[in-house]
Amino acid sequence: MAPSWIFTILLLLLGSVAGDCECGYSTTTGSDDTRHVFTDLHETDFIHVDVTGDGKGGASHGWAPQGYNISSQASRGPFGESFAVRNVMSNTIKSPNTFDGPGTLGLDAGLLLLVRNVKEEDRVSVAEISTTGLDYFYGTFRAGIKTTDAPGTCSAFFWYQNDTQEIDIEFLSAEFDKAKGIFPVNFVLQSEEAAAAGYNAANTTGLRRVNLPFDPSTGFHEYRFDFLHDKVSFYADGELLVEATGSGVPTTPGHLLLSHWSNGNPGWSQGPPTVDAVTTVSYVKTYFNSSLEQRQRDFALRCKDPTASGAVCAIPHHNATFFFSNGDNLTPNQTDYGGPDNGEPVDGGGKGDGDGENGAGVLVAQIWAFWLTMVIILYASF
Ligand SMILES: *[C@@H]1O[C@H](CO)[C@@H](O)[C@H](O)[C@H]1NC(C)=O
Ligand SMILES: *[C@@H]1O[C@H](CO)[C@@H](O)[C@H](O)[C@H]1NC(C)=O
Ligand SMILES: *[C@@H]1O[C@H](CO)[C@@H](O)[C@H](O)[C@H]1NC(C)=O
Ligand SMILES: *[C@@H]1O[C@H](CO)[C@@H](O)[C@H](O)[C@H]1NC(C)=O
Ligand SMILES: *[C@@H]1O[C@H](CO)[C@@H](O)[C@H](O)[C@H]1NC(C)=O
Ligand SMILES: *[C@@H]1O[C@H](CO)[C@@H](O)[C@H](O)[C@H]1NC(C)=O
C-alpha cells in the first residue's frame, strides 16, 4: 500500500497542471470592498509590445489606431480634429526585463499619443487608439499613464458605447498648476444629462474633479475604473478616489479607448498646444465579462468548479509589472492577443510566450505528470 505522502505529491502534481484562473480573475472594489469575478482578460504591455502594426492603421494585439477627421462643429470647439494614425507611436524597449527608461525613440518607453503643434487646415492633429473588441461589459480597467505637461490638451482613458453610455478619465493639462501643486483629474459619466447639457461635461453632475496627490506629468501612475451594474469606482495608484452611482452608469457593453486631443474649447481642453504634446501609456490591463455568447460558452465549458484551488485568480491590487499573460498557464482559453512582435523572439522573463503557446505547454505538462504519476504508483505498489 502506498504511503499517504505519495498521494499528497500526486495531488500537488496533478493540481499544479490542472490550469489556473479558468474561472476568472477577482478583485475587490468600491467603498464596500466587495469581491467580484470577471471571466476574461486583455492585457497589453505597451513597453514591450508594438500595437501599431503596419503603421497604416492595421489592428494588432486587439488594438486599432484610429484615423478620421472631424469638423469644428462635430468636435464642439473652435477647431476640428484630425485623428491621425501616425500620431499613435509604439516606442518599445527591446530588453524583455526592463520596465522604465527610454524606448527606441529616445522618449519614455510605451505607447506615445501625440497632439501636434501644427494644424491641418482648421483641424488639430491628434491621436486615438481603440480596442477592436466591442464586448467589454462590466470589468476593472487599468492603464499606466504619464500625461503631457504641455498646456492645452485632454488625455483620456475611456470606455465607450455611444455619447450617452460612456465612462471617462480625463486630464486637462491646462488645469495643471505646478507652482501651486494642483493636478486635477476629471472622472466623467456621459449620460442623457450630459447630452442635455450639450455634452459639456463641465455642466453636469456626472463630473467629479479630484486633485491628485502627485504630478501626473512627471511619472507613470495607474488610473483605473471598475464598472459594475450599479456603480463605477475610480482609482489612482490603487486608491479609491470617487464612486459614481445612479442613472449615469452605463447599461450596455462597449469598447476601450485612449486618446490625446485638443479642439481649443476654452471650457475644456483649451489649447491647442504650442509644442508637440506627448502622453505615454505603459500598459492597459482589463479584466472583464464579455458580452459575446461564444466567450460566455467557453467560460461555462472551462470553469468546472469555481471553488477549486487556483480556479479564480486574484488580480494584484496595484502592480505595474505583473501580467497574467506572462505566466505559463494563467490565461486558459482566453482570446489570444499574442506576445511581443518586435521582429524577433525575446529571451528570458517569459515575455516571449504568447498565450498561443500555453495550449502546447499545458499538454506537455499533463503528459509529463501522467507518466510521473504512473512511475510513482508502480514504484509505491512494489
Ligand atoms: C461575470 O460573469 C460571471 C460568470 O457569468 C459571473 O459569475 C460574475 O458575477 C460576473 N461579474 C459581474 C461583476 O457581473
Ligand atoms: C483628413 O484630412 C487630411 C487633409 O487635411 C487628409 O490628408 C487625410 O487623409 C484625412 N484623413 C482621413 C482619415 O480621412
Ligand atoms: C446609447 O445606447 C443606449 C442603449 O442602447 C440608448 O438607450 C441610447 O439612446 C443611446 N444614445 C445615443 C446618443 O445614441
Ligand atoms: C455650461 O456652463 C457655462 C458656465 O459654466 C455656461 O456659460 C453654458 O451656457 C452652459 N452650457 C449649457 C449647454 O448649459
Ligand atoms: C509585481 O509583479 C512582479 C512580476 O510578477 C513581481 O516580481 C513583483 O514581486 C510584484 N510586486 C509586488 C509588490 O507584489
Ligand atoms: C476555448 O475553448 C473552446 C472549446 O474547447 C474552443 O472552441 C474555443 O475556440 C476556445 N477559445 C479560445 C479563445 O481559445
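The model shown is predicted, which means the values in this text are computed figures rather than measured ones. One-based numbering, in listed order, for ligands and for the atoms of each.
- Remark: ligand 1 and Phe38 share no N or O pair separated by less than 3.5 Å (distance only, no angle test).
- A side-chain contact (heavy atoms from CB on, under 4.5 Å) with Phe225 holds for exactly one of Asp168, Ile169, Val242; it is Ile169.
- Ligand-side atoms of ligand 3 in range of Thr164: 1 (C), 8 (C), 10 (C), 11 (N), 12 (C), 13 (C), range being under 4.0 angstrom from any heavy atom.
- The distance from ligand 1 to the heavy atoms of Leu228 drops below 4.0 Å at these ligand atoms: 13 (C).
- Scanning both residues, Val126 and Glu81, for their nearest heavy atoms gives CG2-CB, 4.0 Å.
- When each atom of ligand 1 is checked for a heavy atom of Val37 under 4.0 Å away, the hits are 1 (C), 8 (C), 10 (C), 11 (N).
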Polar pairs, ligand 6 vs protein, N/O only, below 3.5 Å.
residue  : atom   : partner : partner atom : Å
ligand 6 : 2 (O)  : Asn333  : OD1          : 3.2
ligand 6 : 2 (O)  : Asn333  : ND2          : 2.4
ligand 6 : 11 (N) : Asp298  : OD2          : 3.2
ligand 6 : 11 (N) : Asn333  : ND2          : 3.0
ligand 6 : 14 (O) : Asn333  : ND2          : 3.2

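- Residues Phe324 and Cys21 have side chains in contact (heavy-atom distance under 4.5 Å, counting atoms from C-beta outward).
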Checking salt bridge (Lys or Arg N to Asp or Glu O under 4.0 Å) for the pair Asp215/Lys180: CA distance, chi angles, key distance, verdict?
CA-CA 11 Å; Asp215 179 347; Lys180 296 203 178 100; over 6 Å; no

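- Residues Leu212 and Tyr223 form a side-chain contact, since some pair of their non-hydrogen atoms from C-beta on lies under 4.5 Å apart.
- Side-chain contact between Phe171 and Thr279 is absent, with no heavy atoms from C-beta onward closer than 4.5 Å.
- The contact set between ligand 3 and Asn162, taken as ligand atoms under 4.0 Å from a residue heavy atom, comprises 1 (C), 2 (O), 3 (C), 8 (C), 10 (C), 11 (N), 12 (C), 14 (O).
- Atoms of ligand 1 found under 4.0 Å from any heavy atom of Tyr138 (numbered from 1 in listed order, with element): 14 (O).
- The distance criterion of under 3.5 Å between nitrogen or oxygen atoms is not met by Thr252 with respect to ligand 3.
- Of the polar atoms of Thr39, none of the N or O atoms is found under 3.5 Å from an N or O of ligand 1, judged by distance alone.
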